[in-house]
Amino acid sequence: MQQTRLRFPPSPTGYLHIGGARTALYNWLFVKKTGGKLILRIEDTDADRSTEESIAGIVEGLEWLGIDWDEGPYFQTDFSGDHRRAAEKLLEERKAYHCFCSKEELEKKREAALAAKQNFGYDGTCRHLTDGEVEEKQQAGHPSVIRFKVPEREGRIGYDDEVLGRIESSYEEIDDFVIVRSNGSPLYLLCNVVDDIRDRISHVIRGQDHMTNTVKQLLLYEALEASIPVFAHIPLTLDTKKAKISKRSHGEIVAVQFYKEHGFLPWAFNNFLVLLGWSPGDDREIFSREELIEAFSLDRINKSASIFNYRKGDPKFFTDPKAIAINEHYLRTIPVEELAPLVKDVLIDYNLWQDDYDHDRHQWFLDTIDLIRSRFHVLTDFATLGKAYFSDQYEIEAKPLNKNLLKHPGLKQWLPELADEYENLTDFSLEQTERLARACAERAEVKPGVIINGMRTVVTGQLAGPSMFDILVTIGQDKVVSRLRNTPQLFPEGS
RNA sequence: GUCCCCAUCGUCUAGUCAGGUCCAGGACACCGGCCUUUCACGCCGGCAACACCGGUUCAAAUCCGGUUGGGGACGCCA
């Protein structure tokens, strides 16, 4: 088999959303699997809607995911000469024709047909214009588009889809479609095919919303005397109401950027995306990059649409619970050395980073991450829930404050006393800190939990966390002593 | 209105092509238990699905037909 060549051709009319990212991922995986090349082609022929900002966002999203490409980015508009020549050729060979129907006329016809519950497709008004008539209209200055002339044939045309199987359509059901606008700029159906031919694309992996385009494009390949690539139409991703997900109706939650900003690990997110419509056939769900490339294949892509299980306003899950679960899995299982740079980026963003975490305190940094990560869901939790480990400016949350501190006024006295004892420790260890804490509880005649959870509140501001004595040793003698001494100030004035 | 595609737990899915090993397996979520100074992690257990109707067959989640439901396309968008 010749080298496989695939492309990811986003239109730069918005950010990269999860459906597009998944398409890119499937293309990328197939390329890696087959040792081929991936081409990034920006399909910017819609001048009105394409933006620089969108291009930058898409590239940034792909880079974050780690989906790299071998050629490009190419810009479709840079090849408009190719597209025009192809249209010209089709015109000359009488495989296409000028159509003078105005947009308004067509729109009117379409609406009328819709209202009358009639079929609405192009009626072929200009299909049989003679050369003379065309000449005449052009002389008169009437604008025209170029339409592809669907061959008048009996029977059906079709192809074998790698995911869906045999897909066919009758010739008579295909309308003559526009390939060049009246302003001379070529349209998607044509550009896409011309570019795929030029880029020697061997496999087209795209969403099922392109299925009906494919039949039209088959005709274009034939007319342009090119061989057709292998097609694989992957299922769409819908929302919980089974509507197509879109930036328009779902906003940030479907943008790849959102997951970057909310502390997802890039590979974890890929791992989530790949499972939306593909499975390896065994019980595995977590894959390393290499494992996934090895396991991936087109014939295990599902036919039916999957649902992105996001419920707006869900108090517990801010996005699909499975996405979070996979992220958590990686967060607590990857080697801490791999996690550290990602945590570093977050701490930098939140202004919590200190350079010695990379030098003198590097081991401390790794140990701390390892200590606290099992309770976290996303990377940003290190900077929010974990703030007390990296800064003295942490919040004391209301719940632990009330439940574990204010409820036991004696703590106002006990904890500063304990602070004194901790200050005098020459061996600030797990054993010694625990021994003194338990002794303190005994003197106060309360359960050890009262002292321990009181300390937890004062030292971390949190209701829950790792073993208290691990925390003490990690945060360090000086800070613990000063935080514990601060206890009285957490009580309301005069209490 | 026309054409096309799809249909297994709440969600992601295995099983469908080569019918029996499936009164349907895994994961997430949910519920219970163990562990424990808290909360997690971890471990153990539980709940939960073959859309419907007919046909073929000794045997159907699996094959065939229909129904229903869902999705997509029908643009001088991509």
Side-chain angles (χ1 to χ4, degrees), chain A residues 9-13 43-46 48-50 76 99 101-103 106-107 110 113-122 143-147 161 164-165 167-170 173-175 177-183 185 187-189 191-192 207-213 215 233 235-236 238 240 242-244 272 275-286 299 302-311 316-317 320-326 328 332-333 372-376 400 403-404 434 437-438 441 447-453 455-457 462-469:
Chain A
S11 66
T13 55
E43 305 216 323
D44 54 351
T45 53
D46 185 345
D48 294 339
R49 296 196 300 149
S50 298
Q76 197 157 53
C99 168
C101 298
S102 74
K103 222 189 258 186
L106 292 172
E107 191 56 35
R110 199 173 296 128
L114 190 64
K117 293 193 188 284
Q118 297 283 305
N119 231 340
F120 50 92
Y122 180 62
S144 64
V145 299
I146 302 174
R147 279 186 191 274
D161 194 286
L164 267 7
I167 299 291
E168 287 185 345
S169 194
S170 311
E173 281 156 10
I174 310 169
D175 297 320
F177 50 93
V178 179
I179 53 178
V180 180
R181 292 184 178 89
S182 55
N183 70 5
S185 67
L187 253 11
Y188 167 76
L189 249 14
C191 300
N192 190 252
Q208 282 178 10
D209 48 345
H210 284 284
M211 228 168 29
T212 42
N213 286 332
V215 183
H233 286 97
L236 266 21
L238 310 175
T240 48
K242 301 210 168 174
K244 199 172 158 183
F272 165 70
L275 260 15
L276 240 37
W278 173 88
S279 73
D282 53 42
D283 287 342
R284 286 180 297 164
E285 295 202 314
I286 300 294
D299 57 18
N302 260 300
K303 291 182 177 184
S304 50
S306 53
I307 291 169
F308 176 63
N309 194 16
Y310 157 67
R311 290 184 301 276
K316 199 164 174 192
F317 302 104
D320 191 315
K322 189 126 188 178
I324 297 175
I326 291 174
E328 286 167 350
R332 59 189 178 237
T333 57
I372 59 185
R373 63 170 165 173
S374 75
R375 264 153 280 253
F376 293 167
K403 185 181 168 191
N404 291 332
E434 178 162 4
R438 289 187 185 279
K447 283 190 274 188
V450 173
I451 300 298
I452 290 170
N453 288 318
M455 269 204 282
R456 183 186 304 285
T457 305
Q462 300 280 312
L463 182 66
S467 160
M468 195 55 223
F469 305 103

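First the proteins, then the strands, lettered A, B, ... as listed; each starts at 1. Atoms considered below: every heavy atom in the structure, side chains included; atoms not considered: hydrogens, waters and symmetry mates. Not measured: the values here are computed from a predicted model.
For B:C3, the OP1/OP2 oxygens have no side-chain nitrogen or oxygen of A:T212 closer than 4.0 Å. An OP1 or OP2 oxygen of B:C39 is reached within less than 4.0 angstrom by no side-chain nitrogen or oxygen of A:N453. For A:S306 and B:U11, the shortest distance from a side-chain N or O to OP1 or OP2 is not below 4.0 Å. For B:A73, one of the phosphate oxygens OP1 or OP2 lies less than 4.0 angstrom from a side-chain nitrogen or oxygen of A:K244.
Nucleotide B:C3 forms a pair with B:G72, judged by Watson-Crick or G-U wobble geometry with both contacts under 3.5 Å. Here B:G45 sits opposite B:C31 as a Watson-Crick or G-U wobble pair (both hydrogen-bonding atom distances under 3.5 Å). With a cut-off of 3.5 Å on both Watson-Crick or G-U wobble distances, the partner of B:C63 is given as B:G55. Under the Watson-Crick or G-U wobble criterion, with both distances below 3.5 Å, B:U37 is left unpaired in every strand shown.
For the pair A:R311 CZ and B:C12 P, the interatomic distance rounds to 12 Å; values are reported in whole Å. Residue A:I167 contributes atom CD1, which lies 12 Å from atom C1' of B:C3 at whole-angstrom precision. Put simply, CG on A:D209 is 14 Å from P on B:G71, counting in whole angstrom units. One atom, CZ of A:F308, and another, C1' of B:C28, lie 14 Å apart when rounded to the nearest Å. When the P atom of B:G15 is taken as reference, atom CZ of A:R284 falls 13 Å away, rounded to whole Å. In this structure, NZ of A:K316 is placed 11 Å from C1' of B:C31, rounded to the nearest angstrom. The distance from atom CG of A:L276 to atom P of B:G71 is 17 Å, rounded to the nearest whole Å. Here the P atom of nucleotide B:C6 and the NZ atom of A:K242 are 15 Å apart, to the nearest Å.
Contact annotation for A:R110: backbone-only contact, meaning every heavy-atom pair under 4.0 Å involves sugar-phosphate atoms and none involves a base. The residue A:N213 sits close to a base: some heavy atom pair falls under 4.0 Å. Using a 4.0 Å heavy-atom criterion, one finds that A:E173 contacts the sugar-phosphate atoms exclusively. Residue-level contact check: A:G465 touches the bases, meaning some heavy atom is under 4.0 Å from a base atom. Residue-level contact check: A:L236 touches the backbone only, with heavy atoms under 4.0 Å from sugar-phosphate atoms and none from bases.
Nucleotides B:C63 and B:A18 place their P atoms 9 Å apart, quoted to the nearest Å. With both ends at atom C1', the span from B:C28 to B:G66 equals 36 Å, rounded to whole Å. Rounded to a whole angstrom, the distance from the P atom of B:C30 to that of B:A40 is 11 Å. B:A60 and B:U16: their C1' atoms are spaced 10 Å apart (whole Å). Between B:C64 and B:U57, the two C1' atoms lie 12 Å apart (nearest whole Å). Distance check on atom P: B:C34 versus B:A14 gives 36 Å, rounded to whole Å. B:G10 and B:A29 have their C1' atoms separated by 8 Å, given to the nearest Å. When the P atom is used for both B:A73 and B:C31, the distance is 39 Å, rounded to whole Å.
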Point to revise | Audit row: A:K322, A:D320, salt bridge (Lys or Arg N to Asp or Glu O under 4.0 Å) steps and yes/no | key: CA-CA 5 Å; A:K322 189 126 188 178; A:D320 191 315; over 6 Å; no
Review point. A:T45 and A:L187: side-chain contact (heavy atoms from CB on, under 4.5 Å), yes or no, with the steps?
Key: CA-CA 7 Å; A:T45 53; A:L187 253 11; over 6 Å; no
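If you take CG on A:N192 and NE2 on A:H210, they are separated by 7.5 Å, rounding to the nearest 0.5 Å. Rounding to the nearest 0.5 angstrom, the gap separating the SG atom in A:C99 from the CG atom in A:L106 is 6.0 Å.
The 5' end of RNA chain B is approached more closely, in terms of each residue's nearest nucleotide, by A:N119 than by the other of A:N119 and A:Q208. Where A:S304 and A:W278 meet RNA chain B, the nucleotide closest to each residue was compared, and A:S304 sits on the side nearer the 5' end.
Considering only side-chain atoms of A:N302, the nucleotide from B:U13, B:A78, B:C30 that sits closest is B:U13. Of the candidate nucleotides B:C5, B:U37, B:A78, B:C5 has the atom lying nearest to any side-chain atom of A:L164.
Taking every heavy atom of both residues into account, A:F272 and A:I326 meet most closely at CA-CD1, 3.7 Å.
Residue ring and nucleobase are stacked for A:H210 and B:A78, with a centre distance beneath 5.5 angstrom and an angle between planes beneath 30°.
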